2 protein chains.
Amino acid sequence: MDTQRQHRLSRQRKVILQELCKVDTHPTADEVYDMVRRIIPRISLGTVYRNLELLCSQGLAQKVGQAGGQKRFDGAPQPHAHLRCRLCSRVVDVDYPEALPALPEALAKGFEVSACTLEFVGICPRCKAQMS
Amino acid sequence: MDTQRQHRLSRQRKVILQELCKVDTHPTADEVYDMVRRIIPRISLGTVYRNLELLCSQGLAQKVGQAGGQKRFDGAPQPHAHLRCRLCSRVVDVDYPEALPALPEALAKGFEVSACTLEFVGICPRCKAQMS
DNA sequence: TTTATTACTAGTAATAGTTATCAATTGGAG
DNA sequence: CTCCAATTGATAACTATTACTAGTAATAAA
């Protein structure tokens with residue numbers, strides 16, 4: 001564990017976070033790559049991956065999406081519910097009215113719980129139309 | 001869409017489902033492969049993947065685990081909450097007391113919602129101990 | 001029963017997404 | 001400015017998963 005390690009705010013890192021926060025489409029790594037390349041044309045895909053991972057570990061972003069599927073990133077750090085399309089994998093935010101549920105200590109099986117994700121799965125309007 | 005396609009219950013498929021249902025450890029595809037190989041030594045990994053995928057699509061199993069991470073499979077078809085370790089990726093079941101939350105129609109943004117996953121994320125006891 | 005058709009399998013090759021490596025560059029503390 | 005660890009771009013390597021293929025087994029049709 002290198003908790004000592006310092007981080008710097010490179011131009012690349014700043015732009016990646018800015019662009020990620022601009023959208024609520026939960027882009028994949030290479031969608032972020034495309035967005036950032038419009039500003040820093042010579043940025044490399046590896047840098048994008050590296051920074052998205054770092055931002056997640058710092059709690060400035062989070063990963064969403066299907067287990068096993070391609071990663072998608074969310075620039076909103078506070079927890080909120082998601083709605084995922086079973087067919088096209090698109091993820092959209094949902095304003096879940098109640099607070100996200102908490103887990104009673106007694107059921108946590110010794111885990112130190114720090115977060116909770118709530119995801120609804122279904123078919124999005126676009127895919128539903130295409131199935132006609 | 002080949003909704004017409006018939007399915008057969010091959011020995012391989014039957015054993016894969018049986019073995020998956022025996023455990024509550026949410027194994028990865030190649031953990032299932034190891035389990036099944038003790039019974040059908042010459043089974044191929046591709047067959048395991050193919051059948052796990054099919055079982056999920058039939059609602060006889062489900063995928064769990066971290067977005068973007070390695071797939072893990074759960075032989076219990078009814079929805080239930082999970083507890084995932086941030087460090088070792090292990091997933092355990094949790095007896096979440098209340099019914100899983102539902103999403104009001106008005107917030108579904110046109111999605112046809114068919115499922116909901118609730119996952120608590122944290123550090124498992126084993127990893128917590130190792131960090132000392 | 002034979003024949004035709006379809007689903008399935010093992011084995012293997014191919015793919016896609018992601019991570020690791022490394023020499024060169026850069027941010028930021030002093 | 002000077003120095004050095006953090007970071008980068010480029011590319012290679014890796015790993016989980018999927019696709020392909022020829023052969024086999026199950027079911028249906030004749």
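Please read these numbers as outputs of a predicted model, since none were measured by experiment. Residue numbering restarts at 1 for every chain, and letters A, B, ... go by the order of the sequence lines.
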Phosphate OP1/OP2 of C:dT18: any A:K63 side-chain N/O under 4.0 Å: no
Side-chain N or O of A:T47 closer than 4.0 Å to phosphate OP1/OP2 of D:dG9: yes
d(CG, B:L54; C1', C:dA7) in whole Å: 11 Å
Heavy-atom side-chain proximity of B:L83 to B:V91 below 4.5 angstrom: no
Interatomic distance where CZ belongs to A:R50 and C1' belongs to D:dA10 [whole Å]: 11 Å
Value in whole Å for how far the C1' atom of D:dT27 lies from NE2 of B:H7: 15 Å
Toward the 5' end of DNA chain D, by each residue's nearest nucleotide, B:F73 or A:R13: A:R13
Nucleotide D:dT17, atom P - distance to CD of B:E31 in whole Å: 11 Å
Distance, rounded to the nearest Å, where A:K14 contributes NZ and D:dT7 contributes P: 14 Å
Nearest-angstrom distance from the residue atom OH of A:Y33 to P of C:dT18: 14 Å
Nucleotide of D:dA16, D:dT18, D:dG9 approaching B:Q70 most closely (side-chain heavy atoms): D:dA16
Side-chain (B:K109) to main-chain (A:C124) donor-acceptor, under 3.5 angstrom: no
Closest to the B:I43 side chain, choosing from D:dT8, C:dA10, C:dT18: C:dA10
Closest to the B:S10 side chain, choosing from C:dT18, C:dC8, D:dT17: C:dC8
Exam field: side chain B:R84 to backbone B:E119, donor-acceptor pair closer than 3.5 Å: no
Nearest-angstrom distance from the residue atom CZ of B:R8 to P of C:dT9: 10 Å
Of the listed nucleotides D:dT17, D:dT7, D:dG9, the one nearest the side chain of A:Q12: D:dG9
Atom pair distance, as rounded to whole Å: CD1 in A:I16 and P in D:dT8: 7 Å
Salt-bridge present (B:K63, B:E53; N to O < 4.0 Å): yes
Candidates D:dT18, C:dT18, C:dC8 - which lies nearest the side chain of B:Y49: D:dT18
Sugar-phosphate, base or nothing in reach of A:N51, heavy atoms under 4.0 Å: sugar-phosphate
Parallel, tilted or perpendicular, as decided by the 30° and 60° cut-offs, for the rings of B:H82 and B:H26: perpendicular
